[in-house]
Amino acid sequence: MTVAPSPFNGVKVELGIALLLGLLLWLVHERLVSGTPGQLLLLLGYGWLAAGWLFWRTRGVLRRQRAAAAEPDREA
């Protein structure tokens, strides 16, 4: 099984890691924080942090792709 080359492959790997870490956190959150509000805040915080990270990384890939596409236009 192979994956076609894509500038987003790194982001896809990080998404998989974030999902696995989120699953692990979900499995152990009761041992880390007592009380439902604290547990909810922990899981929501992780979700927002992971989403923000992936958003930032995706925008970086798109920015580099646009710069690479505009590069030949500058030479002409």
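The first residue in the sequence is number 1, and the count goes up from there. All values reported here derive from a predicted model rather than from experimental measurement.
Criterion: ILVMFWY side-chain heavy atoms under 4.5 Å apart, direct or through other members. Under it, L15 and Y46 are not part of a common hydrophobic cluster. By the criterion of side-chain heavy atoms lying less than 4.5 angstrom apart, applied directly or through intervening Ile, Leu, Val, Met, Phe, Trp or Tyr residues, L42 is grouped together with L23 in one hydrophobic cluster. Linking ILVMFWY residues whenever their side-chain heavy atoms come closer than 4.5 Å, directly or via other members, places L25 and L27 in the same cluster. Hydrophobic clustering places L32 together with L43 (ILVMFWY residues linked when any side-chain heavy atoms are closer than 4.5 Å, directly or through intermediates). Each of I17 and L24 belongs to its own hydrophobic cluster when Ile, Leu, Val, Met, Phe, Trp and Tyr are linked at side-chain heavy-atom distances under 4.5 angstrom.
Heavy atoms only, all atoms of each residue included: G10 and R57 are closest at C-NH2, 4.1 Å.
Rounded to the nearest 0.5 angstrom, L54 CG and L49 CG are separated by 9.5 Å. Residue E14 holds its CD atom at 11.5 Å from CG of L21, rounded to the nearest 0.5 Å. Atom CD of Q39 and atom CH2 of W26 lie 12.0 Å apart (nearest 0.5 Å). To the nearest 0.5 Å, the span separating CD on E30 from OG1 on T36 amounts to 8.5 Å.
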* To do: Mind running side chain to side chain contact (heavy atoms under 4.5 Å, CB included) on V11 and F55 for me, showing each step along the way?
  => CA-CA 9 Å; V11 178; F55 179 78; over 6 Å; no
